[in-house]
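This is a predicted model, so every value here is computed, not measured.
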Amino acid sequence: MTTKDLHESIDELMADPQLVELCELQRTGDEVLDVISLTENQHSDILAWMFDAREGHGQGDEILRDLLTHASTQVASGDSGLDGRCSTSQFFSKWTPSRIRTTSFGAAFTARELGIAASERVDLFVIDEQNKFVLLIENKAGSGHTEKQLNLYRANFSKFVAENPKLKGYSQVYLALDRKYDSEDTTSRACSDTWLHLGYEWLQTSARRALMHVQRGNSAARLVVSYCNRQTEWESPANSASLKIATALHRTYPAAMRFLSEMNPKRTEKVWLENRQEDNNLLFLLQNKSAIALLRETKGMASVKATILEENPTLPSDSIFLKRKRLDVCPSGWKQFETDGWWPVFMNVRYTDQERTKFSLSLCWNGKHASTHEEAEFLRKQLALVEPRFSTHIDSAWRRVYIKRGMNLPQLLKLIGEMNIKLEAALMRT
């Protein structure tokens, strides 16, 4: 593309109503998390606020119930790695999802100290005097847990309980939260025999509920929606709309989008200051930082989607669902099982490095998105023809199997093509 053609493409982009809509959707509103980055302690403070049934978020004890329900389901699946004799496992053997959903936790309160030295305590305690339990939550917003640390915290708290009659008879529940938790990576779970490792996906339920509260006029619930949106892959309707527009702009104006998104965001102000000539493109970047950040963030996966469609002509465009840092691919022939816009079987692509040059490919099955239980089991059996690991953990309602990690783009494209052919063939072997 010549320089003249590029400038014409940029002018067309600037005149596109979709870009105007994107810039408007990306404007910072009244959500404080739009303008700050949380420290680890601040993450714990927000979780404490959300777990407190008496706070103004309007969720009552539902967010705490979401966490307990998810944790109970994970333990019941048999994939947690917990020793059945540990206190966490014994607690959830009694507290099933049905019991949790029908019990009040309105008396629970949170604490950061609880009389334990800062160097010896976990990030957050949730104490329920009525139901007689203490949750110890070690919250890592991206940094990993260590065995030494978790063993120390559990030993110190066990000693603390033994010395305090007030806590006699309380169940001790140890939860290790990690934003980058990988359900398939069992090797990185420190002290997994006594600590239940969880991600943040349980917050998606909380986010959907909070969004309904926002729509009913409870503005305080916005913080719940905002926080959940940043810790999980759940997207609010506004963010989903922004992603859809960004994807369309990448497809319609590939050269112009590449030019704008490749400008170094850390040097934009300096370049503007040193540039003696008027540069409207540079000025647009400075005036619409949030929208450009989204375009920059989605550029990689949008490019991957375009290349996958080019390399696999049998895949329709609506067989690929694009997110900021991942995309899902419904294999050829499997889209017929879609229910309510969701696929029970799909391939998942994610980045595996910070530079976003390496990828992982996993194969996913979600029985909840099949139209019937019988159909879900049929699809699982057909998947097992391609990947035998789907024959294990048959009691699970959701299964992710990693095919390969750390691939460059050509390797990823080749593997997707191979898997697509195998999956299409497996579906025909009824």
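- Side-chain contact, Ser80 with Arg189: no donor N or O sits under 3.5 Å from an acceptor N or O.
- Looking at Arg65, its side chain does come within 3.5 Å of a backbone N or O of Ile100 through a donor-acceptor pair.
- One finds the CG atom of Leu363 at 10.0 Å from the CG atom of Asn348 (value rounded to the nearest 0.5 Å).
- Here the side chain of Ser9 pairs no donor or acceptor atom with the backbone of Asp5 at under 3.5 angstrom.
- Listed here is the closest heavy atom pair of Leu198 and Ala71: CD1-CB, 4.0 Å.
- Between Tyr174 and Tyr153, a ring centre-to-centre spacing not shorter than 6.0 Å is recorded.
- Here Leu385 contributes atom CG and Ser391 contributes atom OG; the two are 8.0 Å apart, rounded to the nearest 0.5 Å.
- Looking only at distances, no side-chain donor or acceptor of Asn366 sits under 3.5 Å from a matching main-chain atom of Trp398.
- Between the CD1 atom in Ile416 and the CD atom in Gln411 there is a gap of 12.0 Å [rounded to 0.5 Å].
- Formation of a donor-acceptor pair under 3.5 Å by the Ser158 side chain with backbone atoms of Ala155 is not found in this model.
- One finds the CG atom of Leu361 at 11.5 Å from the CZ atom of Arg405 (value rounded to the nearest 0.5 Å).
- Side chain to side chain, Asp52 and Thr110 fail the donor-acceptor criterion of an N or O pair below 3.5 Å.
- Between His369 and Trp343, a ring centre-to-centre spacing not shorter than 6.0 Å is recorded.
- Asp353 places a side-chain N or O within donor-acceptor distance of the main-chain N or O of Thr357, the cut-off being under 3.5 Å.
- Atom NZ of Lys358 has more than 12 heavy atoms from other residues, nucleotides or ligands within 6.0 Å.
- Taking the side chain as every heavy atom from C-beta outward, Ser317 and Leu309 approach each other to under 4.5 Å.
- Taking every heavy atom of both residues into account, Asn420 and Pro331 meet most closely at OD1-CA, 3.3 Å.
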CA sep, side-chain torsions, deciding dist, call: Leu383, Trp334, side chain to side chain contact (heavy atoms under 4.5 Å, CB included):
CA-CA 11 Å; Leu383 283 176; Trp334 292 72; 4.1 Å; yes
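- A cation-pi contact, defined as under 6.0 Å to the ring centre and within 45° of the axis, links Arg380 to Trp365.
- With Glu55 contributing its side chain and His57 its backbone, the two residues share no donor-acceptor pair below 3.5 Å.
- Side chains of His145 and Glu138: no donor on one and acceptor on the other come within 3.5 Å.
- When all heavy atoms of Leu427 and Phe337 are compared, the closest pair comes out as CD1-CE1, 3.7 Å.
- Considering Lys305, Arg326, Met301 as possible partners of Val349, the one that fulfils the side-chain contact (heavy atoms from CB on, under 4.5 Å) test is Met301.
- A donor-acceptor pair is defined here as one N or O able to donate and one able to accept, closer than 3.5 Å; no such pair exists between the side chain of Asn312 and the backbone of Leu315.
- Between Thr69 and Pro97 the shortest heavy-atom distance is CG2-CB, 4.1 Å.
- Between Val134 and Phe157 the shortest side-chain heavy-atom distance falls below 4.5 Å.
- Atom-to-atom distance recorded for Ser44:OG and Phe51:CZ is 9.5 Å, nearest 0.5 angstrom.
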Determine, step by step, whether Arg399 and Thr392 satisfy the side chain to side chain contact (heavy atoms under 4.5 Å, CB included) criterion, reporting the C-alpha distance in whole Å, the side-chain angles of both residues, the deciding distance to 0.1 Å, and the verdict.
CA-CA 10 Å; Arg399 192 88 167 89; Thr392 62; 3.0 Å; yes
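- Rounding to the nearest 0.5 Å gives a distance of 9.5 Å between CG of Leu47 and CG of Asp123.
- A side-chain donor from one of Ser206 and Asp66 sits under 3.5 Å from a side-chain acceptor of the other.
- Without hydrogens or angle criteria, Ser89 side chain to Arg85 main chain gives no donor-acceptor distance under 3.5 Å.
- Counting all heavy atoms, side chain and backbone alike, Gln18 lies closest to Ala248 at OE1-CB, 3.8 Å.
- Side-chain atoms of Ser362 and Arg400 include a donor-acceptor pair closer than 3.5 Å.
- Residues that satisfy the side-chain hydrogen bond (donor to acceptor under 3.5 Å, both in side chains) test with Glu375, not counting sequence neighbours, are Ser371.
- Contact of the Leu124 side chain with the Asn139 side chain is not registered, since no non-hydrogen atoms from C-beta on lie closer than 4.5 Å.
- A search for side-chain hydrogen bond (donor to acceptor under 3.5 Å, both in side chains) contacts involving His250 returns Thr298, not counting sequence neighbours.
- Taking 4.5 Å as the limit, every side-chain heavy atom of Phe125 sits out of range of all side-chain heavy atoms of Leu135.
- Put simply, the side chain of Leu13 reaches to within 4.5 Å of the side chain of Leu249, judged on heavy atoms.
- Between Leu413 and Phe359 there is no side-chain heavy-atom pair separated by less than 4.5 Å.
- Proximity of Leu177 to Ile137: side-chain heavy atoms (C-beta onward) are separated by under 4.5 Å at one or more points.
- Nearest heavy atoms, Phe92 versus Leu68: CE2-O, 3.7 Å.
- No side-chain heavy atom of Leu136 sits less than 4.5 Å from a side-chain heavy atom of Arg154.
- When only modelled atom types and interatomic distance are considered, Tyr200 and Asp178 share no side-chain donor-acceptor pair under 3.5 Å.
- Side-chain atoms of Gln382 come within 3.5 Å of backbone N or O of Ala426 as a donor-acceptor pair.
- Dense packing is recorded around NZ of Lys132, with more than 12 heavy atoms of other residues, nucleotides or ligands lying under 6.0 Å away.
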Verdict with supporting geometry, Val345 and Cys364, side chain to side chain contact (heavy atoms under 4.5 Å, CB included):
CA-CA 6 Å; Val345 173; Cys364 304; over 6 Å; no
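- Less than 6.0 angstrom separates the ring centroid of Phe105 from the ring centroid of Trp95.
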With side chain to side chain contact (heavy atoms under 4.5 Å, CB included) as the criterion, how do Gln74 and His197 come out once you've worked through the C-alpha distance, each side chain's angles and the decisive distance to 0.1 Å?
CA-CA 9 Å; Gln74 290 296 101; His197 287 256; over 6 Å; no
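- Under the ring pair (Phe, Tyr, Trp, His ring centres under 6.0 Å) criterion, Tyr170 pairs with no residue at all, not counting sequence neighbours.
- At least one donor-acceptor pair under 3.5 Å links the side chain of Asp128 to the backbone N or O of Asn131.
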